[in-house]
Amino acid sequence: MTEGPAAPIPSYLAMLNPEQREAVFHTGRPGDGENPDSRHPLLILAGAGSGKTRVITTKIAWLIREKGVDPRSILAVTFTNKAAREMAERARLIDERAGDAMLRTFHSFGAWFLRRNGSLAGLDSAFVIYDDDDTVALLATLLEDTPKAEIKQIAHGIARAKDYFLSPGDPGLDLIDHRKQFRRIYARYEERLAQIGNVDFGDLIKKPVEILRSQPDVARRFRDRFRVIMVDEYQDANIAQFELLKELCGPETYVCVVGDDDQSIYRFRGAEVRNILEFPDRFPGADIIRLERNYRSTVPILRAASSVVDHNESRLGKELRSERGQGKTPVLAFLPDQDEEANFCARLIESSVKGNGQSGKGGGGKSSSSVKPGAAGQSNAGQAAAFSDWAILYRTNAQSLGFETEFLRRGIPYRVVGSLKFYEREEIKDALALLSFLVNPRDEIAFRRVVNKPARGVGPATVDHITAASDGGDLGVAAKGLLPELSAKARAGVGTFLKMIEEGRALLSDQDGGKESKQQPRKPKNREELRAGEGLSVLVVKLVKDSGIADYHQMNDEISGNQRLNNLQELANAASLYAPNMDGLLEFLEHIELDRSLEDDTNKDKTKDNAVTLITFHNTKGLEFRRVIMTGIEQGIFPREDKQDEELEEERRLFYVGATRAMDELYLTSCAMRRVFGRTMPEEPSLFLREIDKSVLRIIGNVPYGFGSGSGSGGLTGGVRFGKGRDEGGSGKDGGWRRGDRLYHDDHGYGAVVEVRDSEEGPVVRVQFETGKELRFLSLHQGSRFTKIGRDD
DNA sequence: TAATCGATCTTTTTT
DNA sequence: AGATCGATTA
């Protein structure tokens, strides 16, 4: 199965270990009696830190260089843009020609496919991609008076349905959402989306599959072109993506997928571990190569990580071996609460960085931490760390706040990965909606978003009027036709809006110089390559200015108005890399939609190279850090409370992913108390801490009673248990408030009841606060915001 | 009809 | 604690 190169081994291959080499040299050549043109598929099970990316990139280069494979016939798909970029870069370093191979994310490949072949499914090539918010907005127009939460649920259902390659008519839909109306809404949504002429995220995968299935000639063309298909992070593929892979593969296609079943963490997004577990069944004749040498982490770190994931049932099984020796023992710290947790992390980091010329800035304020990082025995005698060596990992984005506050206070540089996203900002979405409407005049969602922003006197009634008149067609045309019927105010507003849009479109076609101008749409390469004021940014700047969006946001937001302006400027800068014509605009919008890694401006100044990384467990996939702190390892937080069975297994894998990011040092923190939704709750150590191999841990802090005593179950009741809370204020269900009652309100402080009277909704209580404020409350029985103190009389 | 204040809900994780 | 909803009010 393996065939080595004939002569001396080139240097780019010499650095590979035997398994990696086997994986690179595998070409799936058929045996005797098999179709000589067929290829055995390959599944590379690549453990964390086993040099997976090196194998893929080397393989691509090797195929081109030694096997004479045409680079253009190679397709490699990843899940993130970052991975795609990295892969392209590294493959090109080995062989320049690898730059001609197609390296894309699944979604970007789908978009590329649809721009060229979408017409076969009735899709105009000038579509815009709707994100989740747009999907919700579209559903909202379909479902008036439906609570937002429910709409979101339906949107989620539709997204999942597409992940599983299910259409409104599919019986399997019941597994997603069994309510009868669901498939009806899904069907209407599809209809409306088709009418508008845009696609959502799921369509980028689902539609290509449909086209490939219904158009044999297209399928043939693609199978002809792509002779080699590689998939990275295959454990994250969903059913639709699996189907797409299947459709792209002819009998002669060489398929190679790389993944790690232990790192499958996107089930909630439709990822199916089954895809990788069953790969040998779905792709008969598949060979499997395991990469089990880990070059990243020390022995105890790997041991700690594996000991947890070993508790999973459904695994292909794999034994990671460290090539890095013993190193420092991972530390598990039990801490009183999340403030102390942040404090602990800060001091740990500061003490490691000291002597490195970086300011430690002595941590004023509370110094009475019960757990001193130094006590961990991690004297950083010789080697000082850099801030950038450190990463703080947490389960939910919300947990970053405490660390940010503490780091800010102490002057520890940090950057938050992936929480506030640039493209999710209101002003950016507004600007993008304007641009989208230029491209697609049928885009009701974009139209609704910006037609009256800033307020132009175009109210909901007018907007509904226009959309109704458009009958799914060009909204601009419809609006124009309706102008005479509108009130003077609305007419003026709509007129202004239309004029602006027309000018924008004119700008695009002006620059176009007709269709025949074959100006190469510029690829975003180097941000500095073009300056703002060039390319598409002219259009963005003009629209943002003319629309009044810039002023609107600057006025409306006194605190961060300028920040918003900066963000808009940043958007314009990004646009400068694209050609100032319709194609360039489409490309720009697609780029924005699919690669949302553009950083928020607020991160910019902190992004100095030397900063601590604050990041969710999910976001760390594919990254590595010298020193990692996994925080909030508490039952209910991680794993989340509602996780069972397969989902619990996925949480375990997430733990595994997090722990295996660490190269040299690993710390785990678990708090006895934590503020959740603003209330302080007692916490228990995570189940995973019970599962972890204690022989590779150093435990510090106040160990919860019974923890680690090995005395079987029941040993995990850490922390003090509080009852349901204090007395419910007063007697009776409605609180039993009377005139003269004194109370404390969380927001307003002390006050007294001056009047109680009945209404249809229940008793209305009027309270005079010490601040002088007098407020009326419909009911005071909620308990949490009010505390009854006593009575005056 | 916008603004304001109280009530209620929120926390997964993301291409 | 913070965002968002939604009802009441000027």
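Remember, it's a predicted structure, so these values are computed and weren't measured experimentally. Computed from heavy atoms alone, side chains included, the values below leave out hydrogens, waters and symmetry copies. The chains referred to below are lettered A, B, ... by the order of the sequence lines, with proteins before strands, and numbering in each begins at 1.
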Separation of [N] [atom2] from [X] [atom1] (nearest whole Å):
X	N	atom1	atom2	result
A:Leu244	B:dT15	CG	C1'	14 Å
A:Glu150	C:dT4	CD	P	20 Å
A:Tyr656	B:dT13	OH	C1'	19 Å
A:Arg395	B:dT10	CZ	C1'	16 Å
A:Leu401	C:dG2	CG	C1'	9 Å
A:Arg85	B:dT15	CZ	C1'	13 Å
A:Ile239	B:dT15	CD1	P	20 Å
A:Lys162	B:dT15	NZ	C1'	15 Å

Q.
If the condition is ring pair (Phe, Tyr, Trp, His ring centres under 6.0 Å), which residues does A:Phe106 pass it with, not counting sequence neighbours?
A.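 Only A:Phe79 meet the ring pair (Phe, Tyr, Trp, His ring centres under 6.0 Å) criterion with A:Phe106.
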Q: With P as the reference atom in both, quote the distance from C:dG6 to B:dT11 in angstrom, rounded to an integer.
A: 15 Å
Q | C1' atoms of B:dT12 and C:dC5, separation to the nearest Å | A | 22 Å
Q. So, A:Arg395 and A:Glu651, do they make that salt bridge, N to O below 4.0 Å?
A. yes
Q: Using a strict cut-off of less than 4.0 Å between a Lys/Arg side-chain nitrogen and an Asp/Glu carboxylate oxygen, indicate whether A:Arg85 and A:Glu89 qualify as a salt bridge.
A: no
Q: Classify the angle between the aromatic ring planes of A:Phe638 and A:Phe617 as parallel (below 30°), tilted (30 to 60°) or perpendicular (above 60°).
A: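 A:Phe638 vs A:Phe617 ring planes: tilted.
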(Q) Please confirm whether the shortest side-chain N or O distance from A:Thr616 to OP1 or OP2 of B:dT14 is below 4.0 Å. (A)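 Affirmative; the distance criterion is met.
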(Q) Just N and O in the side chain of A:Asn397: are any of them under 4.0 Å from OP1 or OP2 of B:dT14? (A)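 Yes, A:Asn397 has a side-chain N/O under 4.0 Å of OP1/OP2 on B:dT14.
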Closest to the [X] side chain, choosing from [options]:
X	options	value
A:Thr396	B:dT14, B:dT11, B:dT15	B:dT11
A:Phe268	B:dT15, B:dT14, C:dA1	B:dT14
A:Arg640	B:dT15, B:dT12, B:dT13	B:dT12

Q. Base, sugar-phosphate alone, or nothing: which one does A:Tyr266 contact when heavy atoms must sit under 4.0 Å apart?
A.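 Result for A:Tyr266 = sugar-phosphate.
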Q: Look at all strands and tell whether A:Asp132 reaches a base, only sugar-phosphate, or nothing, counting heavy atoms closer than 4.0 Å.
A: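 Result for A:Asp132 = base.
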Q. Excluding sequence neighbours, so at least two apart, what forms salt bridge (Lys or Arg N to Asp or Glu O under 4.0 Å) with A:Glu624?
A. A:Arg296
Q: Would you please determine if the base of B:dT10 is stacked by A:Phe677, with stacking meaning a centroid separation under 5.5 angstrom and planes under 30 degrees?
A: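 Yes; by the centre-distance and plane-angle rule, A:Phe677 counts as stacking on B:dT10.
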